[in-house]
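Chain letters run A, B, ... following the sequence lines, proteins first, then strands; residues in each count from 1. Excluded from the calculations below are hydrogen atoms, water molecules and symmetry mates; all remaining heavy atoms, backbone and side chain alike, are included.
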There are 2 protein chains.
Amino acid sequence: MHSMVNDDGTMRAEGRGAVEAERPGIAEAERLGASTGKVKRRPRGRPRSFDRETALEKALLAFWEHGYEATSVSDLTRVMDIGAPSLYAAFGDKRSLFEEVVQVYGTRYGSFTDRALAEEPTARAAVERVLREAATAYTEAGHPHGCLVVHAAANCSTPEVEQSLRDRRNANIAAFESRIRADVAAGVLPPGTDAAALARHTGAMIQGMSQQARDGASREELEAVAEIAMSIWPRTGTHTG
Amino acid sequence: MHSMVNDDGTMRAEGRGAVEAERPGIAEAERLGASTGKVKRRPRGRPRSFDRETALEKALLAFWEHGYEATSVSDLTRVMDIGAPSLYAAFGDKRSLFEEVVQVYGTRYGSFTDRALAEEPTARAAVERVLREAATAYTEAGHPHGCLVVHAAANCSTPEVEQSLRDRRNANIAAFESRIRADVAAGVLPPGTDAAALARHTGAMIQGMSQQARDGASREELEAVAEIAMSIWPRTGTHTG
DNA sequence: TCATTTCTGTAGCGACCACTAGGGAAATGT
DNA sequence: ACATTTCCCTAGTGGTCGCTACAGAAATGA
């Protein structure tokens, strides 16, 4: 009973013309390809009655807050405001939906690490920015606290799902390590620097901060933690120590 | 079908004497009060056929590995090797069993923080010992990696359970903070020290190291992380800086 | 108008969840 | 021997899980 249904449970039986004019929005905009300019032929049959991206975002927030397993398909259909068959038709099964959610999360909320590593001149500056932005991102209003990648597959009885997020976490640490190694090779960091340990320390800090955010820490408190954590870095500028 | 049951599913109908001699161990030892010397009257009816502590330890390991919700009562009865009614009779419901497990975990596996805070002369020494012992404890063979208190109630749809472990985590951080504050007051740490932030940093490190242990980090790797983390502390001995 | 295609809601699948009634079995005290 | 107490096993309870068969509704092209 979402829409288009009267209180007595029967479908509306208005004239065709009136129904056509009632919801021209979604498929119409997609046909015109408004932003991309790509002209997409409207598919043959009945178009779906909900916006796929909006529904996906709702699923993202639900998974973020409660995790993969604690979020039931029933929960999902409720917050997405669609029926179960529509969910399965549009997103495959629950696991596929979660994978898509993780991907969207990565580009939408979890990209600050990649951006910092790409844009900052040194590993240290990148890590400092990552920790500072994590303090903000993990406590922002409008979405659950902490990091979906850290928490959403904890205690998950589907090993593939748990492993998939674990891989993402470890890949992040590997990215830190290679960036640090590059700075060591370039003489920005001292030759004896243990890049692996430094990278793992950074990963542990991020994950610990995420847990702290879930446990109620504020942005200011996490920023103070981040600042303390940054004091481990050797005090070198761009010259070898 | 655990014991005392034949392959055809019928109960054994041997002579009374033989049955009595078959399992004298558990209740007998309890009656004698072997270690404590306390003489405990054997209770009136049929004694339970399993050792309560052993079963509790099995439940502890199961909850530790899979978390509160992902560990089903069916899982528990299997690893504890008892029937569901026996579990409910001996431990109450699933939540009571988990609470008891958490308590046992605290005294059995998670007491190194309290011990370090009580025994070490300075906050810094205590934290250093905590991080070092965490590196060992979180990667020990014979039990799941990481900390039960950190992970077992993640994504838990029973808010009270989740909150209960959250309270334990935050209580640990509060303990760090008051210990640090004491050192600041005593002049062991500089007057400007931000005790709250330092304590939260320590908590985040522990939680991050626990996550790392779950993600496959070795003891040596965690020790390296701990050593790096200790470099944030002001370089003072027992004299004011 | 009409066949075709696709979506949507209903209604329910088998499996598992936490939990328990009830009866027989095994200990007790007398 | 016998009543009493307590435990354990069998066999379920109602509820929720992820998922889907089916039929009608709403779009298409001809």
Do the side chain of S210(A) and the main chain of C147(A) share a donor and acceptor less than 3.5 angstrom apart?
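At least one qualifying donor-acceptor pair exists.
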
So, does R52(A) use its side chain to make a donor-acceptor pair with the main chain of A90(A) at under 3.5 Å?
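Here the side-chain-to-backbone pair exists.
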
Nearest-nucleotide check on DNA chain C, A89(A) vs A84(A); residue mapping nearer the 5' end is A89(A)

Most 5' of R44(A) and S72(B) on DNA chain C, judged by nearest nucleotide
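This one resolves to R44(A).
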
Once you round it to whole Å, what is the distance between [atom2] of [N] and [atom1] of [X]?
X: E69(A); N: dC17(C); atom1: CD; atom2: P; value: 11 Å
X: R52(A); N: dC7(C); atom1: CZ; atom2: P; value: 11 Å
X: D75(A); N: dC19(D); atom1: CG; atom2: P; value: 14 Å
X: I82(B); N: dC9(D); atom1: CD1; atom2: P; value: 9 Å
X: Y68(B); N: dA18(C); atom1: OH; atom2: C1'; value: 9 Å
X: L97(B); N: dC19(C); atom1: CG; atom2: P; value: 10 Å
X: F50(A); N: dA26(D); atom1: CZ; atom2: C1'; value: 15 Å
X: M80(A); N: dT8(C); atom1: CE; atom2: C1'; value: 15 Å

Identify, between S74(A) and P85(A), the residue whose nearest nucleotide on DNA chain D lies closer to the 5' end.
S74(A)

From the set dC17(D), dG9(C), dA25(C), return the single nucleotide nearest to any side-chain atom of R46(B).
dA25(C)

So if I take every side-chain heavy atom of Y88(B) and compare against dC19(C), dC9(D), dG18(D), which nucleotide ends up nearest?
dC19(C)

Under 4.0 Å between a side-chain N or O of S49(A) and OP1 or OP2 of dT8(C)?
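Looking at the OP1 and OP2 atoms of dT8(C), one of them is under 4.0 Å from a side-chain N or O of S49(A).
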
Taking all non-hydrogen atoms of both residues, which atom of A229(A) and which atom of M205(A) are closest, and how far apart?
CB-CE, 3.8 Å

Where is the tightest heavy-atom contact between L61(A) and P144(A), given as atom of each residue plus distance?
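In this case the closest contact between L61(A) and P144(A) is O-CG, 3.8 Å.
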
Does T71(A) reach a base, just sugar-phosphate, or nothing at all? Heavy atoms under 4.0 Å.
sugar-phosphate

Would you verify whether the NZ or CZ of R115(A) falls within 45 degrees of the ring axis of F112(A) while also being under 6.0 Å from that six-membered ring's centre?
no

